[in-house]
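One structure below.
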Amino acid sequence: MLIETNNLTKVYNGKISACNEICLSLAEGQVFGLLGPNGAGKSTLVKMLLGMVHPTSGQALIKGKPVNLPQTRKSIGYLPELFRLYDWLTAEELLRFYAGTYGIPAREQKAAITEALELVGLTGREKEKIKGYSKGMQQRLALAGAVLDKPDLLFLDEPTSALDPIGRRDVRDLLYTLRKRGTTIFLNSHLLSEVEMTCTHLGFIKKGRMVACGETSEFLQDSHIITVEADGMDPSLLERWNQEKKLVEVKCNTISLTVENRSEVPVIVNELVHHGVNIYHVESKSRGLEEVFLDLIES
């Protein structure tokens, strides 16, 4: 595993538990989305994985080594939500400075800078002063700095918060490119639609505890809403489904039901046909990530 945590815990002032016994395993090549409300412990967990905050107890490993070792941290890229750039420099000058701090050999810096700028869509703007950049352009440049040294593991905190829809699409494309070349991505975002389209795996944190982890597809396939347009509905079926807490809504000739798996859809249709119901339309729709998030966090 690329990232492993074992009962990772952080307590502040001896009583405030920001993270409580977090156990997490991330394999190489994943795009992992960490979700939770404000104050749930997301930032503390990321800072412990970056070696910026020392845990009260437990352990965090990257590639099997402690996160605070210099050789471990060298393979990590990080873009915080609140970043500051030296805006009196040009983009090229800033990335050259970053390249030096990363230890990229001088003969390789120009190619690395060119590639990073191309990845984030700033080619042709590298000679301009950063103070003339829009907020979205600054976010792109900060992202270029985070990927400049081609890290094995990239932490991104709200990477699309300042971007318009085109910019968010470009970042999704960038993450896809990074994943193809072997970068593992750990993503924090409140834009659930972006997370749903981007992440291969999800973790949900609530009051410092990880309440669920798994593949994104598992969470989105757990429950479906079926809408059936029909007439001649059998009241006994409706009563039974209501008792089973499947019945969501009855409106004119349309009913809505919730099921735990798509395999239940043909079973329900067969039941309706068996009871002489005339069916005109059936639609099955999986829950979106927002519904999953609210169920896990508010329960």
Would you indicate whether the side-chain heavy atoms of [Y] and [X] approach each other to under 4.5 Å?
{"X": "Leu187", "Y": "Cys199", "value": "yes"}
{"X": "Asp157", "Y": "Phe186", "value": "no"}
{"X": "Ile3", "Y": "Leu153", "value": "yes"}
{"X": "Lys74", "Y": "Gln71", "value": "no"}
{"X": "Ser57", "Y": "Asn7", "value": "no"}
{"X": "Glu271", "Y": "Leu237", "value": "yes"}
{"X": "Leu94", "Y": "Leu141", "value": "yes"}
{"X": "Val211", "Y": "Ile205", "value": "no"}

For [Y], does its backbone N or O pair with a side-chain atom of [X] as donor and acceptor, under 3.5 Å?
{"X": "Asp234", "Y": "Ser236", "answer": "yes"}
{"X": "Thr56", "Y": "Val11", "answer": "yes"}
{"X": "Thr200", "Y": "Val31", "answer": "yes"}
{"X": "Tyr176", "Y": "Thr198", "answer": "no"}
{"X": "Glu81", "Y": "Pro159", "answer": "no"}
{"X": "Arg168", "Y": "Thr160", "answer": "no"}
{"X": "Ser75", "Y": "Thr72", "answer": "yes"}
{"X": "Ser134", "Y": "Met137", "answer": "yes"}
{"X": "Glu196", "Y": "Leu289", "answer": "yes"}
{"X": "Asp164", "Y": "Ile166", "answer": "yes"}

Any salt bridge between Arg125 and Glu128, counting N to O under 4.0 Å? yes
Cation-pi check for Phe204 against Lys206: NZ or CZ below 6.0 Å from the six-membered ring centre and within 45 degrees of the axis, yes or no?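 Geometry flag: not set, cation outside 6.0 Å or 45°.
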Apply side chain to side chain contact (heavy atoms under 4.5 Å, CB included) to Met52 and Tyr78, showing your working. CA-CA 12 Å; Met52 298 168 61; Tyr78 175 45; 4.2 Å; yes
Within 6.0 Å of [atom1] in [X], more than 12 heavy atoms from elsewhere:
{"X": "Arg181", "atom1": "CZ", "value": "yes"}
{"X": "Glu290", "atom1": "CD", "value": "no"}
{"X": "Lys10", "atom1": "NZ", "value": "yes"}
{"X": "Tyr86", "atom1": "OH", "value": "no"}

According to a 4.5 Å side-chain heavy-atom criterion applied to Ile, Leu, Val, Met, Phe, Trp and Tyr, with indirect links allowed, do Met197 and Phe32 form part of one hydrophobic cluster?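 Different hydrophobic clusters.
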Can you hop from Leu191 to Phe219 via hydrophobic side chains spaced under 4.5 Å? no
Using 0.5 Å steps for rounding, measure from the [atom1] atom of [X] to the [atom2] atom of [Y].
{"X": "Leu89", "Y": "Asp87", "atom1": "CG", "atom2": "CG", "value": "8.5 Å"}
{"X": "Met1", "Y": "Leu61", "atom1": "CE", "atom2": "CG", "value": "13.0 Å"}
{"X": "Leu154", "Y": "Leu79", "atom1": "CG", "atom2": "CG", "value": "7.5 Å"}

Residue list, side chain to side chain donor-acceptor pair (under 3.5 Å) with Glu264, at least two apart or on another chain: Lys246
Does either side chain, that of His54 or that of Asn68, offer a donor lying less than 3.5 Å from an acceptor on the other one?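 Short answer, no.
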How about Tyr280 and Asp231: does a side-chain donor come under 3.5 Å of a side-chain acceptor? yes
Using side chain to side chain contact (heavy atoms under 4.5 Å, CB included), reason through Thr44 and Cys19 one step at a time and then give a plain yes or no. CA-CA 7 Å; Thr44 299; Cys19 286; 4.0 Å; yes
